[in-house]
Amino acid sequence: MNVLEQGHGKLFMDPDPDNAREFFRKKKRKMDNKVMDLKTAVEKFVNDGDYLAIGGFGANRTPVSACHEIVRQGRKNMGFAGHTSTHDMEILSAGKVYNRIDVAYVVGLEARGLSTCSRQYLESGHVEITEWSNYSLTARLKAAAMGVPYIPVRNLMGTDTLKYSAAKIADCPFTGKKLTLMPALYPDIAIIHVHEADIYGNARFKGIAVSDIDLANAAKRVIITTERLISHDEITRDPSSTRIPYYVVDAVCEEPFGAYPGTMPYEYFSDEEHLKEWLEVEKDSEKFQVFLKKNIYDCKDHEEYISRNGGAKKRRELRAKEMLL
Amino acid sequence: MTEYSAIEMMICVAARELENGSTVGVGTGAPCAAAMLAQKTTAKDLSILFEAGGISPQLPEMPISVGDSRTFYKAAMAGSMGDTMEACSRGFVDYTFLGGAQIDKYGNLNSTIIGKEHRHPKVRLPGSGGANDFASFCWRTMIMTVQDKRRFVEKLDFMTTPGWINGDDSREKSGLPLNTGPYKIITNLALMDFEPKSKRMRVISIHPGYTFNDVQDNCGFELLCAETAEKTHPPSMGELKILREEVDPYRYVIGR
C-alpha cells in the first residue's frame, strides 16, 4: 500500500493487534464477582500515565462519579480520548489529570458554551494534542475492537485536521481511490456508565450507544459503573439486551445517579443549573478552587456530591424533566 | 410588516432549503431549529440524524446536546455514532448544517484554534467534533452563520472541515467522496452558493434591508454576485408563528 500523505500528530497508543492480543490472552475469562466500590476500582485499575477513555457522550450517560473519583485520587500524566468530551473533560481538566489528548470534540459543552478551565488547560502548552474528528475516534476504536491495526475511512482528507492527526492517506489496492487509514486505539482503561449490570459485568444500557460497545471491546481494562445491579438470571433471561459481555469487564460499581449532573436516558435529565454554575465559577480561579473543594475534594462519594446540590428533591425534579412531565 | 430578528430570518431561509423526504445531519442550536421548522412547514417527512446515534426522532423540544435523550425521543432508532456516520459515508444523508469560528471563500471551516501556532493558540476551540465527518460524507453541506469580517476571512487559521478546499477540482482530487461539498451559506445578510467552476462563494439572494455592498463590507474576501441575485423572501407570519410557538417556545436559539 502506497502512503501518499501522513499527519504529523503524535500517535499516543500502540496500534499493534498482536501486542493487544498478548494482553487479552492473559485477561481472566472466568465469571467472577467483580463488584467493588468505586474508590477501590479506581485505585486498582486507573494508574498514573494510563490512557483513559470515557464512555457516553459528554454529559450524556457519562460516568461522572468515576471522573470525580479520579480527580479525588489525584491521577496525573494520563492520556485522554477527547471523543466528544464535555463535562467529563471539564472535571478531568480541573484536576489536570491528563497531559496528552486525542481531540475530536473538546473544551465546549455544546449549546451551553465553552469551559474556561478546559480551554486554558489546553492553551497552556502543557498538553500534547493530536487532532481527529468524532468519527475518526469511533473508527479507531472499531479497528481495535476488530483486532486489526487500522481501518480505512474517507474523512479528514484535504484539511489541517489531517495534518495534525496521526492518520495516513494511502491508495486503495482495489479501486485506486484515496483512503484515510485510522490507527487502532486500544485505551488502557475505559469507564462506561450503564443502566444495569450483573456482578460479572454483563451490562445493558438503553438509548444511543455512541461508541461504547467498540470502546468496551477495545480497552485493556474496563470499569462499569451502573445505575442498578441486577441478577445474572435477569441477564440470561434476555441475553439480546446485553451490550457489553462480562469478559471485557474488570470492575462493576453500583453508582445510582452516577451520570449526574449529566443526562441518563429514561432515568434523569441533566441539571442545567448546576452545569451552568460550573461554567460560571470557572471564570474565577479562586472561586473555582473553593467550588472544587466543596463538590469534589471534600465529598467522600457521589452521593455526597448530589446531596450538596439538591439531594432527593433535585433527583425528583430531574426524573420528571427526563419523562417530560 | 412583520418584525423578525436576524436569527429568525436565517432559520426560516435554512428551513426552506430542506426537501421533503430527505435526510439531514444536524447539531444543536439554529440548524436543529431549521430542521424542526422544515418538518412543521414544507418538509413533513424530513428525517433528522444526530451524530451520537439518534436517527429520525420526533423532537419534543430543542436538544441541549446532540446526544441528549431528546435526540432519540420517539425515534426510528437509537443507534451509535457509527450508525449515523456510516450512513453518511454510504451516501444516505442528503444535507448537513454546520457552523464555525471562521469560513473562507471556498466554504472551508475552522473550529479548532484562533491563532497561528497549534501548540500555543490565542484561543482553543472545540475542534472538529462531527463537522469534518459530516462535511466529508453528506451530499450537500449548508453553513449557517452570522456574517462579519472576523468570521469571513481570506485565510483560515486552521482548516478543520473541508469545503471546496482550494476551489476548482481540488476537493475531488483530495479523495473525498465524489459529488459532495458545500451547497449554500445562510447568513444574517444573504444567501450564497458557490460558482460551479471556481467554487468561489457567490451571493444569490440578499435579505430585505441590505444591499450587495453591505454583504461585501461584512466579508473579508471578494464575493461573487450572481446576475440573477434576488431579494430573499422575509419570514412569513406562518413560519414565525411555528418557529416561536412550536419549535423554540423557550427561546433557546431565537432569544440569543
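Chain letters run A, B, ... following the sequence lines, proteins first and then strands; every chain starts at 1.
Of the listed residues (B:Asn110, B:Val66, B:Thr112, B:Leu125), the greatest number of heavy-atom pairs within a distance under 4.5 Å of chain A belongs to B:Val66. With chain A as the partner, the residue from B:Thr28, B:Thr71, B:Leu176, B:Ile165 showing the most heavy-atom pairs under 4.5 Å is B:Leu176. Put simply, of B:Arg70, B:Met77, B:Met85, B:Glu117, the one with the most heavy-atom pairs under 4.5 Å next to chain A is B:Arg70. Interface summary for chain A: among B:Lys122, B:Glu86, B:His120, the most heavy-atom pairs under 4.5 angstrom belong to B:Glu86. With respect to chain A, the highest number of heavy-atom pairs below 4.5 Å among B:Gly82, B:Pro126, B:Gly53 belongs to B:Pro126.
Side chain of B:Asp248 to backbone of B:Arg244: no donor-acceptor contact under 3.5 angstrom is found.
Classification of the A:His87-A:Trp278 ring pair by plane angle, with boundaries at 30° and 60°, yields perpendicular. Classified by interplanar angle (parallel below 30°, tilted 30° to 60°, perpendicular above 60°), the ring pair A:Tyr260/A:His274 is parallel.
Residue A:Gln120 does not touch chain B at all, counting heavy-atom pairs closer than 4.5 Å. Heavy atoms of A:Tyr164 lying under 4.5 Å from chain B belong exclusively to its side chain. At a 4.5 Å heavy-atom cutoff, the contact between A:Glu322 and chain B is made by backbone and side-chain atoms alike. Of the atoms belonging to A:Leu114, it is side-chain heavy atoms, and not backbone ones, that fall under 4.5 Å from chain B. Heavy atoms closer than 4.5 Å to chain B are found nowhere in A:Lys206, neither backbone nor side chain. With a 4.5 Å cut-off on non-hydrogen atoms, A:Val103 touches chain B through its side chain but not through its backbone. Neither the backbone nor the side chain of A:Val153 comes within contact range of chain B; no heavy atom of the residue lies under 4.5 Å from a heavy atom of that chain.
None of A:Asp88, A:Thr138, A:Asn134 except one satisfies the side chain to side chain donor-acceptor pair (under 3.5 Å) rule with A:His83; the exception is A:Thr138.
Within 6.0 Å of the CZ atom in B:Phe92, the count of heavy atoms belonging to other residues, nucleotides or ligands does not exceed 12.
The cationic group of A:Arg61 lies under 6.0 Å from the six-membered ring centre of A:Phe205 and within 45° of the ring axis, placing it in a cation-pi geometry.
In this structure, B:Asp168 pairs ionically with B:Lys197, as a charged nitrogen and a carboxylate oxygen lie closer than 4.0 Å.
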